[in-house]
Novice: 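Okay, here's the structure, questions in a sec.
Just the heavy atoms: all of them, side chains too, but no hydrogens, waters or symmetry mates, feed the values below. So that the names make sense, note that chain A is the first sequence line, chain B the second, and so on, each numbered from 1.
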Amino acid sequence: MEPALQTWDLGKRYDRRTVALAGLSLSVPTGTITALVGPNGAGKSTLIKAWVGFERPTTGRVAVAGIDPWHTRSEALDRIGYVPQTPALYREFTVADHLDLARTLRPRFDRAVAARRLEELVIPLDALAGRLSGGQQAQVGLALALGTRADVLLLDEPLASLDPLARREFLHVLTDAVRSDGSTALLASHVITDVEQACDHLLVLGGGRLLLDETIPAAVAGHRIAEPGAARPLTDVVPVGTFMGPTGDPLSLVRLVEPEPTGLSSLRQATLEEVVLGYLAAGRSVPDHAATSVERH
Amino acid sequence: MRTTARLTFKQLRFESVALGVALLALAVFLALDASRVIALDLRACQGPGPGPADCLDRLRELDGLDRQIALGQLLAAILPVFAALVLGVALIGREIERGTTTLAWTLGRSRRRWLLTRSLVVAVALLGVAMVAAAASGFAQQAETPTADLARSFDRIEIRGPLVAVRALAAFSVAVLAGALLGRTLPALLLATVAVAALSLGVDRGMDVWLRSVALPMPESTDYAADRIVDTQWQDLTTGHVLTVSQYLAVVPPAGAPPDWQDTNFSAIPIGVSGSRSGDYAAIEVALLGGTIVLGTIGTLIAVERRRPY
């Protein structure tokens with residue numbers, strides 16, 4: 001099956017000094033909810049905007065369901081539902097106006113589905129968008145994206161400004177919709193607990209490069225943490241990166257080479273957050289000009 | 001289309017209501033002034049014989065109304081252009097500034113369709129209101145000069161009739177382009193204002209060139225309002241030679257002429273264009289402005305297709 005989202009040697013340079021993405025090749029499997037994780041400036045938004053057709057690649061190319069969004073934008077957009085970091089709602093419009101607008105812009109827009117989701121969340125359709133809370137605005141943005149019945153949902157850190165309850169509700173609606181529609185979602189987020197709750201695939205981006213591309217269960221199962229003072233195992237592990245633990249001590253993430261290693265009693269199971277932190281630490285220590293080795297499974 | 005129109009005007013409701021009310025109020029003001037001029041019944045004072053006793057008062061009142069109508073006509077020419085600038089800049093520039101194009105350009109498959117439907121809705125409304133203002137302006141002028149054939153007259157042609165509406169549409173096209181290029185309301189408004197002023201000067205200059213190219217000596221012209229006089233030449237009555245203004249001023253008054261010297265050797269010949277060609281004038285200006293509208297629209301389409309929504 002063709003991947004829902006792909007990039008080939010994607011590079012994006014804004015000016016001489018600002019390189020957002022460099023040589024990025026990846027694919028997002030169809031039917032997954034994939035987390036796109038990385039620090040600020042890692043290139044997450046740029047990558048998503050390249051798929052939406054807002055940013056033109058400097059090098060390489062991107063595709064949505066095999067379609068280049070820069071050269072055949074309308075066909076690519078037909079397959080995309082997009083939720084930006086800040087809900088781009090018209091503050092003088094009611095929620096119902098937004099649904100009407102979506103219907104005029106995209107004839108296939110399923111107004112009933114979007115309206116039902118909003119009613120389930122007790123968001124009044126006659127409320128002005130400008131008077132909704134941040135969480136409600138994010139839900140309206142998500143309902144609009146889901147109403148498109150698009151094959152691919154691109155969510156650019158929509159949870160960033162939401163409180164925990166609103167985040168939980170948002171993720172519940174997202175996972176419920178994606179699982180029932182059989183669509184694909186890419187969720188950029190900083191919050192690892194949210195990712196763990198909602199996603200089944202993980203992409204870690206750092207410095208414009210791909211650091212990890214793996215399913216979440218495999219990412220957790222395939223890594224261990226070396227606590228301070230732990231004996232170093234002799235074989236079967238590859239050091240990934242060292243980061244500061246909750247107590248301020250350095251923790252080292254290692255990758256298992258063998259699926260069923262032996263003699264690793266000095267290492268403990270890594271959490272998803274530790275896996276991400278280990279790779280982000282590794283990405284930070286890699287010089288810009290050096291090629292980053294990407295763990296792909 | 002009805003939903004698009006409703007939502008577009010909901011977005012622009014403050015500008016639309018304020019400018020629409022101002023233009024319609026101006027039209028009513030001009031129509032009322034025109035009806036007051038008609039009520040003066042000045043023909044009764046123009047015939048042979050002494051006429052009614054209050055003719056002097058009526059003429060004084062006409063003088064006051066004339067000034068009001070001239071001001072109203074000026075506003076009727078300027079306000080549609082101002083409305084076009086404000087609405088045109090807001091149509092896309094403000095959307096980009098607020099970030100809502102991110103939503104519109106991902107929900108919709110075609111930015112081109114999004115732009116054209118919204119622009120069409122506002123342009124039609126603008127055209128309608130500008131036509132009402134222009135018609136009121138023409139009506140008031142006709143009331144002042146009941147015997148004039150305004151369809152064959154250059155008299156105040158720039159501030160009445162279809163040119164008012166077409167100028168507004170050209171300004172709208174420029175303002176939409178400025179908004180699409182800059183994506184910021186205030187800078188786009190400033191840029192569009194400067195561009196429209198330059199365009200206006202350029203069109204006026206172009207029309208002046210055309211007028212001069214078709215101007216003819218009009219020794220018989222007695223209607224300086226209806227005809228457009230662009231120059232004056234001077235004919236030497238003894239030799240028949242015709243002199244330009246500079247040539248004439250070089251020889252008149254002759255050296256050593258007394259202070260009370262009067263020119264009896266030369267006759268002034270107005271060079272101009274008959275009012276019957278005012279339709280050609282309007283058609284050429286409409287074509288120039290129409291070209292601007294087409295170029296502005298193409299430019300906006302390119303800008304919208306290529307730019308980021310933020």
Novice: Which atoms of A:Thr148 are under 4.5 Å from chain B, going by heavy atoms: the side chain, the backbone, both sets, or neither?
Specialist: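 Answer is side chain: those atoms of A:Thr148 sit under 4.5 Å from chain B.
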Novice: For B:Arg94, which atoms come within 4.5 Å of any heavy atom of chain A: side chain, backbone, both, or neither?
Specialist: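 Neither; nothing under 4.5 Å.
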Novice: Specify the closest pair of heavy atoms between A:Ala102 and B:Leu107, including all atoms of both residues, with the distance to one decimal.
Specialist: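 Smallest interatomic distance, heavy atoms only, reads CB-CD1, 3.8 Å.
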Novice: Please classify the contact of A:Thr94 with chain B as side chain, backbone, both or neither, using a heavy-atom distance under 4.5 Å.
Specialist: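 Both parts, backbone and side chain.
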Novice: Would you check if A:Phe54 and B:Thr102 make a side-chain contact, meaning some heavy-atom pair closer than 4.5 Å?
Specialist: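 Contact flag for A:Phe54/B:Thr102 side chains = yes.
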Novice: Which bit of A:Arg103 is near chain B, if near means a heavy-atom gap under 4.5 Å: side chain, backbone, both or neither?
Specialist: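 It is neither, since no heavy atom gets under 4.5 Å.
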Novice: So which atom in A:Ala88 and which in B:Gly99 form the shortest heavy-atom distance, rounded to 0.1 Å?
Specialist: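 That would be CB-O, 3.2 Å.
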Novice: Just give me the residue among B:Arg111, B:Glu305, B:Arg113 that pairs up with chain A most often, heavy atom to heavy atom, under 4.5 Å.
Specialist: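 Ranked by contacts with chain A, first place is B:Arg111.
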Novice: If I take atom CG from residue A:Leu105 and atom OG1 from residue B:Thr4, how far apart are they, to the nearest 0.5 angstrom?
Specialist: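 Going from the CG atom of A:Leu105 to the OG1 atom of B:Thr4 covers 7.5 Å.
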Novice: Taking side chain as C-beta onward, heavy atoms only, is B:Leu7 less than 4.5 Å from A:Asp97?
Specialist: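 When only atoms from C-beta onward are counted, A:Asp97 and B:Leu7 do touch, with a gap below 4.5 Å.
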Novice: Count the heavy atoms of every other residue, nucleotide or ligand shown that sit under 6.0 Å from CZ of A:Arg91, and state whether that count exceeds 12.
Specialist: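 No, because the 6.0 Å sphere around CZ of A:Arg91 holds 12 heavy atoms or fewer from other groups.
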Novice: When only pairs under 4.5 Å are counted, which of A:Arg73, A:His98, A:Arg56, A:Arg106 shares the most heavy-atom pairs with chain B?
Specialist: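 Looking at each option in turn, the highest pair count goes to A:Arg73.
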Novice: Taking the side chain as C-beta and beyond, is there a heavy-atom pair between B:Arg98 and A:Tyr90 under 4.5 Å?
Specialist: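 The answer is no; the side chains never approach within 4.5 Å.
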Novice: More than 12 non-hydrogen atoms from neighbouring residues, nucleotides or ligands closer than 6.0 Å to CZ on B:Arg112, yes or no?
Specialist: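 Atom CZ in B:Arg112 is not crowded, with 12 or fewer foreign heavy atoms closer than 6.0 Å.
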Novice: Is the closest side-chain heavy-atom distance between A:Lys49 and B:Arg308 below 4.5 Å?
Specialist: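 No, their side chains stay 4.5 Å or more apart.
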Novice: For B:Arg307, which atoms come within 4.5 Å of any heavy atom of chain A: side chain, backbone, both, or neither?
Specialist: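 Contact with chain A involves no heavy atom of B:Arg307 at all.
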Novice: Report yes or no: does B:Arg109 contribute a side-chain atom to a donor-acceptor pair with the main-chain N or O of A:Asp78 at less than 3.5 Å?
Specialist: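 Such a contact is absent between B:Arg109 side chain and A:Asp78 backbone.
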Novice: Between B:Lys10 and A:Glu92, does any side-chain N to carboxylate O distance fall below 4.0 Å?
Specialist: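 No.
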Novice: Is it true that atom OH of B:Tyr310 has more than 12 heavy atoms of other residues, nucleotides or ligands lying nearer than 6.0 Å?
Specialist: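 It does: B:Tyr310 OH has more than 12 such atoms within range.
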Novice: Can you tell me if CE on B:Met131 sees more than 12 non-hydrogen neighbours from other groups inside 6.0 Å?
Specialist: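 No, CE of B:Met131 has 12 or fewer neighbouring heavy atoms, counting only those of other groups under 6.0 Å.
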Novice: Look up atom CG in A:Leu154 and atom OG1 in B:Thr106, then write down how far apart they are to the nearest 0.5 Å.
Specialist: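 Between A:Leu154 CG and B:Thr106 OG1, I get 10.0 Å after rounding to 0.5 Å.
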Novice: Please indicate whether B:Phe9 has more than 12 foreign heavy atoms, meaning atoms of other residues, nucleotides or ligands, lying under 6.0 Å from its CZ.
Specialist: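 More than 12 within 6.0 Å, yes.
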